[in-house]
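Here's the structure we're looking at; comments come further down.
Scope of the values below: all heavy atoms of this structure, side chains included, with no hydrogens, waters or symmetry mates. From a predicted model like this one, the values you see are computed outputs, not experimental measurements. Protein chains get the first letters and strands the later ones, always in sequence-line order, with residue 1 at the start of each.
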Number of protein chains: 2
Amino acid sequence: MENISQEDYLTAIFRNLDDVGEVKPNLLAEKLEISNAAVTDMLKKLSRDGFIDYKKYKSIKLTTDGESYAKNILRRHRIWEVFLYKTLGMSWDKIHDEAEKLEHSSSDELINLLEEFLDYPEVDPHGYPIPDKKGKIKDSKSVIAITELNKNESAKVVRVNDDVKNLLTYLTKIGINLGREIKIKDKLEFDGSILIKINGNDVNLSKKVASNIFVEKIK
Amino acid sequence: MENISQEDYLTAIFRNLDDVGEVKPNLLAEKLEISNAAVTDMLKKLSRDGFIDYKKYKSIKLTTDGESYAKNILRRHRIWEVFLYKTLGMSWDKIHDEAEKLEHSSSDELINLLEEFLDYPEVDPHGYPIPDKKGKIKDSKSVIAITELNKNESAKVVRVNDDVKNLLTYLTKIGINLGREIKIKDKLEFDGSILIKINGNDVNLSKKVASNIFVEKIK
DNA sequence: TTATAATTTTAAGTGCGCTTAAATCTATTA
DNA sequence: TAATAGATTTAAGCGCACTTAAAATTATAA
């Protein structure tokens with residue numbers, strides 16, 4: 001395909017699929033920060049090219065082709081992130097944007113060589129699994145959002161959403177990174193915010209933030 | 001600037017400057033494999049943006065800005081080439097095209113980190129010097145094209161032009177790579193071709209090929 | 001259920017980087 | 001020097017990826 005924009009749409013679609021595997025154009029427009037009209041335009045092209053199932057005024061689905069394409073770009077993205085973080089020591093909150101550019105500019109051969117050099121990492125620095133050459137993604141059933149935890153439960157942070165603006169910078173500030181243990185001190189009904197204990201400190205997380213931090217329960 | 005095309009034009013201009021620091025549009029069109037009309041179009045934009053000095057029907061010069069921009073892209077290109085070749089073991093004849101894509105998709109910060117990781121290489125895998133952060137390029141006065149050697153002179157291959165289609169693949173086939181010693185056996189007048197001895201074999205190089213292989217004399 | 005709000009699409013228009021064809025300018029050479 | 005070849009520019013047009021504004025459709029809530 002060799003088209004940066006189409007690649008961006010496909011990954012945005014894949015990243016934002018709902019529980020039945022669909023996305024609405026409006027959400028895409030928000031995520032990609034472009035107008036709804038532009039989205040409509042591109043959906044026609046993606047549909048024409050066989051990457052999505054699309055009918056006027058309906059939600060979008062990826063075709064088999066579209067899904068494997070999207071996963072291949074995610075693979076590229078995540079492998080680059082590992083390289084930038086582990087090999088070059090680039091900071092947590094910068095690697096996503098940098099990888100976003102590189103993912104469109106690297107051959108499969110390069111990605112495979114990089115993967116080998118990095119010794120076949122399983123997750124990227126934000127905890128997302130790296131699809132293998134065939135597009136297979138290790139599933140992580142036990143991974144849940146902080147919002148799903150109950151009062152007094154303890155858990156370990158295993159993933160943070162790298163696709164939300166400024167989230168990583170904020171998390172770094174309040175001392176959250178992968179591997180950290182947290183405990184739910186309280187869940188506030190009126191705004192959905194959650195009070196957690198981390199590193200001995202009490203921190204209040206808004207619902208939006210909490211829903212983008214993922215953990216595994218500690219028994 | 002953030003514009004792939006303009007970056008490609010600037011490097012193409014820099015790479016093809018003549019002895020008085022100028023290029024003709026026609027040469028650019030050939031190198032970039034596009035029409036002359038497209039070149040004219042872009043020259044207007046590059047001029048508008050202050051990267052080149054351009055007057056209708058005249059040759060093109062780089063401005064100070066244009067030159068430092070071009071050198072920065074060359075820097076990115078060559079550092080990526082070192083990484084692809086040395087770290088990942090990608091083959092000699094593939095790294096140029098791969099780096100051509102990466103050079104447009106990497107921040108200065110990334111390039112600086114890469115340079116550090118690679119321990120500040122001075123030349124790329126084809127023997128071209130790597131501009132430093134300030135755009136300074138080590139000059140290599142003693143480097144000359146094979147065509148400048150006389151009969152019976154010996155020399156060491158120190159650079160090959162990576163910007164000529166299929167040249168590297170061809171050179172690999174006939175056993176030429178950096179560090180190799182050659183000796184001029186004969187220079188043929190009628191077509192400018194040159195007979196050299198390399199690895200114990202006699203090889204005839206066309207004028208075009210010979211003019212793109214660079215050496216340092218051995219006394 | 002119907003008014004209103006939100007979403008989505010269409011329409012018209014823009015800048016970009018290209019194309020081909022024709023016009024214009026410059027260089028070569030007879 | 002005048003004809004011609006070659007280089008360059010202009011003109012018109014195209015697909016891309018966007019925009020805003022208006023129209024059409026769907027969802028929501030009174």
d(CD, B:Glu33; P, C:dC18) in whole Å: 12 Å
Per-nucleotide protein contact string for nucleotides 5-11 of chain C, where B marks a base within reach and S marks sugar-phosphate only (heavy atoms under 4.0 Å, - for neither): --SBBBB
Check residues 120-128 of chain A and write down every donor-acceptor pair under 3.5 Å in which the side-chain atom is one partner and the other belongs to a residue at least two apart or another chain.
| unit_1 | atom_1 | unit_2 | atom_2 | d |
| --- | --- | --- | --- | --- |
| A:Glu122 | OE1 | A:Lys138 | NZ | 3.3 |
| A:Glu122 | OE2 | A:Lys138 | NZ | 3.0 |
| A:Asp124 | OD1 | A:His126 | N | 2.7 |
| A:Asp124 | OD1 | A:Gly127 | N | 3.0 |
| A:Asp124 | OD1 | A:Tyr128 | N | 3.0 |
| A:His126 | ND1 | A:Glu81 | OE1 | 3.0 |
| A:His126 | ND1 | A:Asp162 | OD2 | 3.4 |
| A:His126 | NE2 | A:Trp92 | O | 3.4 |

Qualifying residues under salt bridge (charged side-chain N to carboxylate O under 4.0 Å, His left out), relative to A:Lys133, sequence neighbours excluded: A:Glu115
Sub-4.5 Å side-chain heavy-atom contact between B:Phe14 and B:Leu62: yes
Nearest-Å distance for atom pair CG/P, residues B:Leu28 and D:dA7: 13 Å
Distance in angstrom units between A:Leu32 CG and D:dC16 C1', rounded: 16 Å
Nearest-Å distance for atom pair CD1/P, residues B:Ile34 and D:dT8: 13 Å
Atom-pair distance (CG on A:Leu46; C1' on D:dC18), nearest Å: 15 Å
Which atom pairs, one a donor and one an acceptor, fall under 3.5 Å between side chains of residues 186-194 of chain A and the rest of the protein, sequence neighbours left out?
| unit_1 | atom_1 | unit_2 | atom_2 | d |
| --- | --- | --- | --- | --- |
| A:Lys187 | NZ | A:Thr147 | O | 2.9 |
| A:Lys187 | NZ | A:Leu149 | O | 2.7 |
| A:Asp191 | OD1 | A:Ser193 | N | 2.9 |
| A:Asp191 | OD1 | A:Ser193 | OG | 3.0 |
| A:Asp191 | OD2 | A:Ser193 | OG | 3.4 |
| A:Ser193 | OG | A:Asn204 | ND2 | 3.4 |

Test salt bridge (charged side-chain N to carboxylate O under 4.0 Å, His left out) applied to B:Glu116 - qualifying residues, sequence neighbours left out: none
Pairs under 3.5 angstrom only: tabulate donor-acceptor contacts from the side chains of residues 26-36 of chain B to other protein residues two or more places apart or in another chain.
| unit_1 | atom_1 | unit_2 | atom_2 | d |
| --- | --- | --- | --- | --- |
| B:Glu33 | OE1 | B:Lys165 | NZ | 3.4 |
| B:Ser35 | OG | B:Ala38 | N | 3.1 |

OP1 or OP2 of C:dT20 under 4.0 Å from side-chain N/O of B:Ser35: no
Distance in angstrom units between B:Gln6 CD and C:dG15 C1', rounded: 12 Å
